[in-house]
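What follows is a short report on a single structure.
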Amino acid sequence: MSMAMQKSSRTPTKNSKEEPASFFETVYAIVRKIPRGRITTYGAIAEAAGTRLSARMVGWAMNAAGHAPVRVPAHRVVNRNGMLTGRQHFATPTLMQELLEQEGVKVENDQVVEFEKLFWAPPVKS
DNA sequence: TGGGTGACACAAA
DNA sequence: CTTTGTGCCACCC
């Protein structure tokens, strides 16, 4: 799959304040607010960010989150099915599951157990 | 400027 | 049930 675009450099646009300079940072801010042991979905984040029509962008932002200035708990973000779709993008394919289990989130067959119960609804972006 | 990209979501077959 | 296809939008070169 991934052949071109391996560098993917992004513009940090660091602001002294918490003000997100771009949609990416908005997503990062939301993801960082996910409580430990909880999870959310790309769609929920997208909705909170104001782009519910495109959950894809959240995944795209997560892709860039790997080189974000602040570590983003991307392992707490799963797809609508509660599946760890992004595990393949972590340092190791199993890292995402390991991190989740470290926080008490049980994962079976690449899917979060009781995903609906652990689901955390991100606050709506003002 | 324009085009391509995608860690999703949803509908249809 | 699984598979296939389309839409969607912000960001990067």
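Below, read A as the first sequence line, B as the second, and so on, with proteins coming before strands; counting in each chain starts at 1. When reading the values below, keep in mind they use all heavy atoms of this one structure, side chains included, and skip hydrogens, waters and symmetry mates.
- Judged purely by distance below 3.5 Å, without hydrogens or angles, the side chains of A:H75 and A:Q97 never pair a donor atom with an acceptor atom.
- Shown here are the salt bridge (Lys or Arg N to Asp or Glu O under 4.0 Å) partners of A:R87, two or more places apart in sequence or in another chain: A:D110.
- By the 4.5 Å heavy-atom criterion applied to side chains, A:L84 and A:V112 are counted as neighbours.
- Within the 4.5 Å cutoff, no side-chain heavy atoms of A:V70 are placed close to those of A:Y28.
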*Do nucleotides 7-13 of chain B as a string where each nucleotide becomes B, S or -: B if the base has a protein heavy atom under 4.0 Å, S if just the sugar-phosphate does, - if no protein is that close.*
BBSS---
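- A:R56 is not listed as a side-chain neighbour of A:Y42, based on a closest heavy-atom distance of 4.5 Å or more.
- Between C:dC8 and A:T51, no contact under 4.0 Å exists linking OP1 or OP2 to a side-chain N or O.
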